[in-house]
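Position 1 is the first residue of the sequence; numbering continues from there.
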Amino acid sequence: PAAYTSSQRLLLIELAVFGFAMNSIYGFGQMLLPGLLRIGSPRDWAIELSHWVHNTGTIIVCLGGVFGWSVATSTVGCGLLAAGSVLFAAGNRGFVGRSRTSHREEQGHALLDLYPPLAFFWLVTSLVLMTGGFLYEAATSSSLPHAYMGAVRHALTVGFMTTLIMGVGQRLLPVLDRTTLARPKLVLPILVLIAMGNLFRVASELAIVVTPAGFSAMRYSALFEWLALVLFAISCVATMYH
């Protein structure tokens, strides 16, 4: 690892996150989310276009890192990634499902419908912040503060990926196990804790750019996120082992 430069390490992260993880989430999402959220027929043209826009952005960002292209090129790539996320959300009609006409347990807890929209809000937010950061670098010829990019990464990994995994996991796991969610009362506290933890973390990291006091407050965000993960694990284990 010591032989890698910072740009090479960043390339590995970009390939893993944007190349593999995001394509997987988009691919599975377009098959699963409409049915889970009762969205109805998705807008196929928007989802198809999001695939090409996202992967074009990924290629530009990665090649820019390999060949040392200008910051303006990376800005274009990040802008395409952000546009791809908006197109995917538009294709799934903003993830706003139809109102439930039944309260049967096998349909899943009603609050599970809020996880995907919250997750994709943080996806768009992270990519907009990243694009804005590259614009700042291009305009000022100065590198972004480490804390700023930390906020971008956290919004992407915890705000988007972890929130989506928690929401879809609590809905899909009972279906795969042919049962119902064992601890439905945990759905609300998990949602509140992961939302508060991620908001606290991203806001405090952005505050560090202005004042060092944000660093002392940032540590408490981990408590909210850790509790959310503990409750999610309890919910999953209770469901799997009945």
Only one of T58, I60, V66 passes side chain to side chain contact (heavy atoms under 4.5 Å, CB included) with C62, and that residue is T58
Exam field: side chain T211 to backbone I208, donor-acceptor pair closer than 3.5 Å
no
The ring-ring contact (aromatic ring centres under 6.0 Å, His included) partners of Y26 (sequence neighbours excluded) come to H54, F88
Correct closest heavy-atom pair for E14 and V61 would be OE2-CG1, 3.3 Å
Q. Is there a chain of hydrophobic side chains (I, L, V, M, F, W, Y, each step under 4.5 Å between heavy atoms) that links I165 to L199?
A. no
Original post:
Do V128 and L135 share a hydrophobic cluster, counting only Ile, Leu, Val, Met, Phe, Trp and Tyr and linking them when any side-chain heavy atoms are less than 4.5 Å apart?
Top reply: no
Between A138 and V71, the two heavy atoms sitting closest are N-CG1, 3.8 Å
In this structure, would V86 and V53 fall into the same cluster of hydrophobic residues linked by side-chain contacts under 4.5 Å? no
Taken to the nearest 0.5 Å, the spacing of T163 OG1 from F232 CZ works out to 11.0 Å
Kindly indicate whether the side chain of L112, heavy atoms from C-beta on, has any atom under 4.5 Å from the side chain of L191. no
Q: Find out whether F18 and L81 are in side-chain contact, i.e. whether some heavy atom of one side chain is under 4.5 Å from a heavy atom of the other.
A: yes
Flag yes if more than 12 heavy atoms outside H146 fall under 6.0 Å of its NE2 atom; otherwise flag no. no
Requested in this report: Step by step, work out the side-chain contact (heavy atoms from CB on, under 4.5 Å) result for T162 and L229.
Outcome: CA-CA 9 Å; T162 304; L229 289 170; 4.2 Å; yes
Value for NE2 (H154) from CD (E205), rounded to nearest 0.5 Å, stands at 7.0 Å
CG (L129) and CG (L156) are apart, to the nearest 0.5 Å, by 11.0 Å
Q.
Could you tell me if the side chain of I190 sits less than 4.5 Å from the side chain of Q170, heavy atoms only?
A. yes
Residues L144 and Y148: closest non-hydrogen pair is CD1-CD2, 3.9 Å
| message | Between T239 (side chain only) and A182 (backbone N and O only), is there a donor and an acceptor less than 3.5 Å apart? | response | yes
- request: Taking T131 for its side chain and C78 for its backbone only, find out whether a donor-acceptor pair lies under 3.5 Å.
  value: yes
_Using the ring centroid of each side chain, check whether F160 and F120 are separated by less than 6.0 Å._
yes
Exercise for the section: Compare all side-chain heavy atoms of I47 with those of N92 and state whether any distance is below 4.5 angstrom. Expected result: yes
Is the side chain of T56 donor-acceptor paired with the backbone N or O of W52 at a distance under 3.5 Å, no angle test?
yes
Between D177 and M240 the two heavy atoms that sit nearest each other are OD2-O, 3.6 Å
Given side chains that start at C-beta, do those of F20 and L15 come closer than 4.5 Å, heavy atoms only?
no
In this structure, CG of L172 is separated from CG of L181 (nearest 0.5 Å) by 12.0 Å
Should R38 and D113 count as an ion pair when the cut-off is N to O under 4.0 Å? yes
CZ of F95 to CD1 of I39, rounded to nearest 0.5 Å, is 6.0 Å
Any chance you could lay out the side-chain contact (heavy atoms from CB on, under 4.5 Å) test for V158 and R201, step after step, and finish with the verdict?
-> CA-CA 10 Å; V158 178; R201 175 61 176 262; over 6 Å; no
- Min side-chain heavy-atom separation V202-W122 under 4.5 Å: yes
Scanning both residues in full, the closest heavy-atom pair of L118 with A195 reads CD2-CB, 3.8 Å
Distance col, row L32:CG vs I25:CD1, nearest 0.5 angstrom, shows 12.0 Å
- Item | A90 backbone acceptor or donor facing R43 side chain under 3.5 Å | yes
- Query: If you count the non-hydrogen atoms of other residues, nucleotides and ligands that lie under 6.0 Å from CZ in R183, is the total more than 12?
  - Reply: no
Q.
Quick check: is M218 connected to L223 through a chain of hydrophobic side chains (ILVMFWY, heavy atoms under 4.5 Å apart)?
A. no
Going by heavy atoms in the side chains, are H51 and N23 under 4.5 Å from each other? yes
Using atom types as modelled and distance alone, determine if a side-chain donor or acceptor of R219 lies under 3.5 Å from a backbone N or O of S216. yes
Can any side-chain N or O of R93 pair as donor or acceptor with the backbone N or O of S41 at less than 3.5 Å? yes
- Check whether V124 and V152 end up in the same hydrophobic cluster, where Ile, Leu, Val, Met, Phe, Trp and Tyr are linked by side-chain heavy atoms less than 4.5 Å apart. no
Would you say that more than 12 heavy atoms from the other residues, nucleotides or ligands in this model lie under 6.0 Å from the OH of Y136, or not? no
Margin query: For a 4.5 angstrom cut-off between non-hydrogen side-chain atoms, does M22 reach M161?
Written below: yes
Minimal heavy-atom distance between G197 and F224, with the atoms involved, is CA-CB, 3.6 Å
